[in-house]
Amino acid sequence: MESVRVRFAPSPTGPLHIGGVRTALYNYLFAKKNKGTFILRIEDTDQGRFVEGAEEYIMQSLEWCGIKVDEGIKEGGDYGPYRQSDRKDVYRQYADVLIDKGDAYYAFDTPAELDQLRIQAEKTGNTFIYNSAVRGMLNNSESLPENKWKEKLNSGEPYVIRYKMPRNEDFHFDDVIRGHIVVNTDTLDDKVLFKSDGMPTYHLANIVDDHLMEITHVIRGEEWLPSLPLHFMLYRSFDWRAPLFAHLPLLLKPDGKGKLSKRDGDKMGFPVFPLFWPYGETAKGYREEGYYPEAFINMLALLGWNPGTEQEIFSMDELIEAFSIDRVGKSGSRFDPEKVKWFNHQYLQKRTDNQLAIEFREILRTKGHHVDIGELESLVKIVKERVSFVREIWDQTDFFFEAPKTYDPEAVRKRWKEDTPAILRELKSELAKTDNLSAAQTEAVIKAWIEYKGYSTGAVMNALRLVLVGSLRGPHIFDIISWIGKEETFRRIDKGIDVIGR
RNA sequence: GGUCCAUUCGUCUAGUGGUUAGGACGUCAGGUUUUCAUCCUGGUAACAGGGGUUCGAUUCCCCUAUGGACUACCA
């Protein structure tokens with residue numbers, strides 16, 4: 001049995017967005033599920049759109065996501081080079097093969113001339129298609145006499161090589177996700193295969209490389225579906241066996257219209273990139289926003305694919321095990337930023353207190369607090385289930401580190417009565433009698449005391465919370481007292497009485 | 001405009017020629033929590049429309065509508 005080889009083939013024109021990451025992920029899952037090879041090929045045949053740093057960004061993004069490349073620029077492999085600009089020399093000979101076979105030809109039309117034709121066609125409500133219908137009237141080796149076009153060629157006049165799309169043929173082919181598709185070749189055009197700058201276009205480079213790299217399955221975005229007939233046609237012309245194709249549905253904008261684009265992130269307040277992109281127009285990434293790669297990947301995997309069971313939380317290994325291309329949907333998926341947060345919450349709960357303490361310690365440092373890791377573990381334990389992100393731990397625990405500076409006026413109005421200061425002072429002296437202020441011990445002491453005195457539990461507890469936290473929020477009050485200690489508790493009671501007064 | 005693709009709760013989706021059309025996110029309500037959040041329980045909400053085929057269509061076919069992709073010497 002032939003081994004599976006798939007490739008993710010982005011073009012380094014900027015940061016990879018989540019749609020691209022998902023394509024990479026599905027390729028990876030498919031490869032690993034089938035004990036195959038995942039290849040990263042950089043398609044940089046358009047020199048004009050090359051963006052510095054993009055290639056490195058792509059590799060780092062995959063790494064952060066836990067998508068491991070088997071063959072690629074950094075990893076090496078037997079089918080390199082893995083960057084198309086480094087393969088420049090291999091493409092021309094294949095274009096020539098097509099010319100020799102009569103399946104391609106030289107064309108000398110300038111971009112300006114073609115633009116003109118398109119504009120003219122548009123005026124009459126038509127679309128200009130460079131194909132068998134007009135080929136003979138244009139400036140190419142099909143229309144010109146042989147001596148004429150050879151002369152142009154020899155004189156160094158710029159030219160492109162175009163594929164000679166057959167006339168009026170119903171062309172049948174299959175897509176793993178879409179099924180059987182039939183297209184009449186008259187609706188297709190004579191695509192440029194080789195550009196005047198000496199570089200191949202996507203179509204040629206892609207087919208040649210997939211063949212040379214022995215790719216068995218092409219899994220890519222749906223935006224390529226319209227050019228699939230051309231690609232199959234090329235395989236036929238070369239007399240190569242075509243790989244299987246699977247076109248993934250697109251990711252759509254959360255608010256409705258159109259496919260998700262790189263600009264949507266900042267516009268709608270959620271990241272569309274895995275990592276921060278520091279060049280040009282800067283854009284935030286999931287990593288910097290505090291998402292775990294496992295959560296990000298889990299969400300992405302389920303956007304357009306489902307396991308057919310009700311399981312939702314998947315590790316990468318579980319995804320590999322469960323993945324199947326037949327369970328990829330046909331329609332576009334609207335990206336929902338809310339659901340990623342939920343996934344992150346799930347993954348955060350699965351982390352150990354020690355891991356979270358280490359992560360939180362970094363944030364604490366930036367706030368100027370240096371706390372023993374053991375203490376942080378006990379703190380994290382108290383609040384972890386309340387948060388979805390590590391950075392939110394600070395929002396839930398700021399009052400553990402800093403006494404309240406202000407007191408929520410609304411809470412004061414509702415919970416601070418005439419006799420509150422006196423009660424709190426009483427409570428203080430009651431607590432002073434105890435040395436052990438564990439949460440359980442504190443709870444026992446306070447509750448017994450409240451009962452003995454016949455006070456209202458709500459009144460005491462809320463007032464106490466108010467002086468300790470500054471507002472009516474946060475975890476159990478006994479946990480707070482236990483963590484900050486007796487002295488700090490007393491200081492806060494005094495300060496609260498002093499500031500709130502009466 | 002042309003070509004191709006798609007269409008189940010607001011969103012991601014399961015599903016079947018006969019189901020109370022299932023789950024998750026969100027949302028709402030109740031419970032737990034002396035607070036807030038979490039959590040638990042419950043509710044809300046969908047087969048785009050019209051024709052067929054059929055004893056019966058959400059499911060199969062056609063049309064329409066809507067959405068999307070492509071329509072470059074970009075990928």
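Labels below follow one simple rule: chain letters A, B, ... track the order of the sequence lines, proteins then strands, and each chain is numbered from 1. The shown structure was predicted, so the numbers you read here are calculated from the model rather than taken from an experiment.
- Counting any heavy atom pair closer than 4.0 Å across all strands shown, A:Ser331 reaches sugar-phosphate atoms only and no base atom.
- A donor-acceptor pair under 3.5 Å links the side-chain atoms of A:Asn462 to the main chain of A:Gly458, judged by distance alone.
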Do any N or O atoms of the protein come closer than 3.5 Å to N or O atoms of nucleotides 41-50 of chain B, and which pairs are they?
none

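- When ring centroids are compared, A:Tyr26 and A:Phe323 come within the 6.0 Å threshold.
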Go along nucleotides 29-38 of chain B 5' to 3' and tag each nucleotide: B for a protein heavy atom under 4.0 Å from its base, S when only backbone or sugar atoms are that close, - otherwise. ----SBBBBB
Could you tabulate the donor-acceptor pairs under 3.5 Å formed by side-chain atoms of residues 301-309 of chain A, not counting sequence neighbours?
unit_1   : atom_1 : unit_2   : atom_2 : d
A:Trp305 : NE1    : A:Ser324 : O      : 3.3
A:Asn306 : OD1    : A:Gly308 : N      : 2.8
A:Asn306 : OD1    : A:Arg327 : NE     : 3.4
A:Asn306 : OD1    : A:Arg327 : NH2    : 3.0
A:Thr309 : OG1    : A:Gln311 : N      : 3.3

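- As rounded to whole Å, 17 Å separates atom P of B:G22 from atom CG of A:Asn306.
- For residues 299-313 of chain A, every residue pair satisfying the salt bridge (Lys or Arg N to Asp or Glu O under 4.0 Å) rule, not counting sequence neighbours, is listed here: A:Glu312-A:Lys339.
- Below the 3.5 angstrom threshold, one finds a donor paired with an acceptor across the side chain of A:Thr127 and the base of B:G1.
- In terms of phosphate contacts, A:Lys341 brings no side-chain nitrogen or oxygen within less than 4.0 Å of OP1 or OP2 of B:G26.
- The distance between the ring centers of A:Tyr291 and A:Phe296 does not fall below 6.0 angstrom.
- Residue pairs meeting the salt bridge (Lys or Arg N to Asp or Glu O under 4.0 Å) criterion with at least one partner in residues 437-465 of chain A, sequence neighbours excluded, are A:Glu426-A:Lys453, A:Glu443-A:Lys447.
- The base of B:C5 has none of its N or O atoms less than 3.5 Å from a complementary donor or acceptor on the side chain of A:Arg178.
- Shown here are the salt bridge (charged side-chain N to carboxylate O under 4.0 Å, His left out) partners of A:Asp46, two or more places apart in sequence or in another chain: A:Arg49.
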